[in-house]
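What follows is one structure encoded as structure tokens, with my remarks underneath.
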Amino acid sequence: MKVGSQVHKELFCRDFIDTHQRFEPNQLPWPKLDDKDIERLRAVPFWQEVFHTERRAGAIVGAFAETVHDPLLRETIDLQGFEEARHARLIRFMIDQYGLDATERPLEPLPDDIETAFIDFGYGECLDAFLGFGVFKIARDSGFLPDAMFSVFDILMLEETRHIVFFVNWMAYREALHGRGFAPLRAVTAAKYYGRAVQRLVGTIRTGAEGDGQEFSATQANIFLEGFSIKKLLANCLTENKRRMSQFDQRLLRPQLLPTLGRLVFSGMKLWPSR
Ligand SMILES: [Fe+2]
Ligand SMILES: [Fe+2]
């Protein structure tokens, strides 16, 4: 299968559309939580940020879909926009159901260059998902919340994984159409956008740390943070990335740069004597 061909486009669009799941957030198997678990859920400092990010994602992806001429690409991106908006409704439902402390901030106006916004958003999702895979696994293994809660979150994780697989394929397809299909060239483009995504993530973490962040790490998160290390996080990001990515059609492209970098850094860390 040639990257940038019609066959490629059909494959990555059809795969996305065919794996779309129909549900409404209130139909999911939300568990009944006891007071201790609700306290823990409340102590997670990023619900407001996640809620805002998902609402913004729905707006960006939906607006970009409207500008796409190719009917199949448009249908697929529109469906992603629907899923992002549903993520926001899912988080909203959870906030209301468990009485979490998160308010709705007004959305920033959409940028004029909506395609660049979509691309920036896509690379941001790749970065967030790669790190999220590891954090999710560590949190689930630690028993920070009942496993039933993680089963609900896993629906969201699966959708985000589908989004990034679609995105890297769409991006490669787009680059090939513009005569930039040569793989090393695509890696340079990816590196540029990842650089911007890292800057944004650092900014978000900084803002978070100035707010409730310290409180979280000091109290409720002890169970989660016990035995936590960058090495353990990276190991979990890599194994979970491999496991989750192996569930897609083998002909599809998957994110390459972060796992490769991650493996390099991890190999370096293994040489370093751990105390
Ligand atoms: Fe999302
Ligand atoms: Fe997404």
Side-chain angles (χ1 to χ4, degrees), residues 12-13 15-28 30 44 46-66 68 73-95 100 102 104-105 107-108 110-111 114-136 139 149-172 174 190 193-194 196-197 200-201 204 237 240-241 244-245 247-248 252-255 258:
F12 68 77
C13 289
D15 190 83
F16 188 92
I17 293 169
D18 293 346
T19 53
H20 170 71
Q21 295 199 51
R22 286 169 193 273
F23 67 84
E24 274 307 304
N26 63 349
Q27 298 164 339
L28 296 176
W30 296 98
V44 175
F46 48 69
W47 295 127
Q48 173 144 338
E49 197 57 43
V50 172
F51 181 47
H52 188 76
T53 305
E54 297 291 2
R55 284 173 59 232
R56 190 170 161 274
I60 288 176
V61 179
F64 176 57
E66 284 179 26
V68 175
L73 284 176
R74 184 189 175 120
E75 182 190 347
T76 316
I77 296 168
D78 197 50
L79 190 58
Q80 186 192 342
F82 170 82
E83 290 184 6
E84 297 294 11
R86 187 169 61 184
H87 289 171
R89 286 190 281 121
L90 190 154
I91 300 292
R92 168 90 266 171
F93 185 83
M94 184 184 77
I95 289 168
L100 309 183
E104 192 167 314
R105 293 205 310 266
L107 282 181
E108 305 81 3
L110 290 178
I114 194 71
E115 185 175 43
T116 302
F118 178 75
I119 295 173
D120 267 322
F121 166 73
Y123 281 107
E125 277 209 299
C126 291
L127 175 65
D128 293 349
F130 182 72
L131 296 172
F133 290 158
V135 172
F136 185 86
M149 201 69 192
F150 286 99
S151 298
V152 175
F153 293 148
D154 204 42
I155 297 168
L156 209 135
M157 293 295 279
L158 175 65
E159 292 191 338
E160 296 301 6
T161 315
R162 283 171 52 256
H163 295 174
I164 62 175
V165 170
F166 169 77
F167 174 72
V168 294
N169 280 275
W170 171 80
M171 190 66 193
R174 174 186 181 271
Y193 281 104
Y194 274 129
R196 284 152 59 140
R200 286 195 305 274
L201 183 63
T204 308
C237 290
E240 279 296 288
N241 179 71
R244 289 180 182 273
M245 288 300 166
Q247 290 157 13
F248 290 83
L252 289 168
L253 302 173
R254 291 119 226 275
L258 289 183

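Start at 1 and go down the list; that is how both ligands and their atoms are numbered.
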Is Glu160 close enough to the Fe ion (ligand 2) to have an N, O or S atom under 2.8 Å? yes

min-distance N/O/S atom, Glu84 vs the Fe ion (ligand 1), resolves to OE1

Rounded to 10 degrees, what angle sits at the Fe ion (ligand 2) between His163 ND1 and Glu125 OE2? 140°

Parallel, tilted or perpendicular for Phe118 and Phe64, by the 30°/60° rule? parallel

Rounded to 10°, the ND1/His87 to the Fe ion (ligand 1) to OE1/Glu54 angle comes out at 100°

Quick check with a 6.0 Å cut-off and a 45 degree axis cone: is Arg86 positioned over the face of Phe23's six-membered ring? yes

Classify the ring geometry of Phe153 against Phe150: parallel below 30°, tilted from 30° to 60°, perpendicular beyond 60°. perpendicular

Lys/Arg N to Asp/Glu carboxylate O, Glu104 vs Arg92, below 4.0 Å: yes

